[in-house]
Amino acid sequence: MTDQTEDSTRRPFSGRTLARQRAVDVLYAADLRGQSVAEAIEAWLSNARDNLANSRPQSESAGLRQLEAERELDHLDTYTYARQIAAGVGDHQSSIDELIESYAKDWTLARLPKVDLAILRVGVWEVLYNDEVPAAIAISEASKLAAELSTDSSPRFVSGVLHAIAEAE
């Protein structure tokens with residue numbers, strides 16, 4: 001195998017991991033700002049477009065930089081999957097939140113750390129609404145995000161809630 005082939009076989013995993021983290025960021029921001037998920041997605045994408053446009057050569061017109069940034073963003077798999085996750089959570093948020101509250105014993109949504117809630121929402125969406133991702137992978141990825149972004153006890157908590165939901169559903 002060449003290095004190029006090895007890189008392309010590893011990329012989907014790391015790309016999906018990054019997409020999950022971006023979706024968590026969007027959901028977390030929506031909670032903190034009191035925005036709808038759709039508003040948070042649009043703000044996130046607008047910021048990403050502006051960053052990409054500003055990185056383009058200044059010799060291009062502002063309109064061309066924005067157009068090229070939009071095209072580039074549409075072709076980045078991590079942004080596409082992150083948008084899919086966040087929008088999916090937004091579409092099913094009521095039922096996702098009910099499940100989380102049902103299986104997070106002795107915890108209300110209001111008491112959960114916002115980052116844990118965002119991670120759980122991503123995990124539940126992947127377990128229940130994304131047939132392309134096996135439940136075990138979704139749970140493992142959510143636990144890794146919790147280990148990276150939250151408290152020491154969060155990975156076990158996130159894993160337990162998601163396992164219970166996956167088994168019940």
Rounded to the nearest 0.5 Å, how far apart are [atom1] of [X] and [atom2] of [Y]?
{"X": "Leu149", "Y": "Tyr28", "atom1": "CG", "atom2": "OH", "value": "10.0 Å"}
{"X": "Leu109", "Y": "Asp116", "atom1": "CG", "atom2": "CG", "value": "12.0 Å"}
{"X": "Ile100", "Y": "Leu112", "atom1": "CD1", "atom2": "CG", "value": "7.5 Å"}
{"X": "Asn130", "Y": "Ile137", "atom1": "CG", "atom2": "CD1", "value": "12.0 Å"}

Side chains of [X] and [Y]: does their closest heavy-atom pair fall under 4.5 Å?
{"X": "Gln58", "Y": "Arg65", "value": "yes"}
{"X": "Tyr79", "Y": "Leu45", "value": "yes"}
{"X": "Arg16", "Y": "Asp77", "value": "no"}

Between Ser143 and Val158, what is the shortest heavy-atom contact and its length? N-CG1, 4.2 Å

Give the minimum heavy-atom separation between Val161 and Ala104, together with the two atoms involved.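 Minimum heavy-atom contact is CG2-CA, 4.0 Å.
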
Test side-chain contact (heavy atoms from CB on, under 4.5 Å) applied to Ser36 - qualifying residues, sequence neighbours left out: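 Here the qualifying residues are Ala38, Glu39.
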
Hits for side-chain contact (heavy atoms from CB on, under 4.5 Å) against Ser46, two or more places apart or cross-chain, chain-then-number order -> Glu42, Arg49, Asp50

My understanding is that only residues two or more places apart in sequence, or in another chain, count here; which of them pass side-chain hydrogen bond (donor to acceptor under 3.5 Å, both in side chains) with Glu68? Arg71

By side-chain hydrogen bond (donor to acceptor under 3.5 Å, both in side chains), Arg22 pairs with (sequence neighbours left out) Thr78

Will you find, in the side chains of Glu101 and Thr108, an N or O donor that is under 3.5 Å from an N or O acceptor? no

Within the 3.5 Å criterion, strictly below it, is a donor on Thr151 or Ser154 matched to an acceptor on the partner's side chain? yes

Picking from Lys144, Glu148, Glu141, what satisfies side-chain contact (heavy atoms from CB on, under 4.5 Å) with Thr17? Glu141

What pairs meet the ring pair (Phe, Tyr, Trp, His ring centres under 6.0 Å) rule with one or both residues in residues 144-169, with sequence neighbours excluded?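 The answer is Trp107-Phe157.
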
For the CG atom on Asp152, are there more than 12 heavy atoms of other groups (residues, nucleotides or ligands in this structure) within a distance under 6.0 Å?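 Atom CG in Asp152 is not crowded, with 12 or fewer foreign heavy atoms closer than 6.0 Å.
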
Does Glu98 offer a backbone N or O that forms a donor-acceptor pair with the side chain of Ser102 under 3.5 Å? yes

Would you mind writing out the side-chain donor-acceptor pairs for residues 119-129 within the sub-3.5 Å range, not counting sequence neighbours?
| unit_1 | atom_1 | unit_2 | atom_2 | d |
| --- | --- | --- | --- | --- |
| Arg121 | NE | Asp97 | OD1 | 2.8 |
| Arg121 | NH1 | Asp31 | OD1 | 3.4 |
| Arg121 | NH1 | Asp31 | OD2 | 3.1 |
| Arg121 | NH2 | Asp97 | OD1 | 3.3 |
| Arg121 | NH2 | Asp97 | OD2 | 2.9 |
| Glu126 | OE1 | Arg20 | NE | 2.7 |
| Glu126 | OE2 | Arg20 | NE | 3.1 |
| Glu126 | OE2 | Arg20 | NH2 | 3.1 |
| Glu126 | OE2 | Tyr81 | OH | 2.4 |
| Tyr129 | OH | Ser95 | OG | 3.2 |

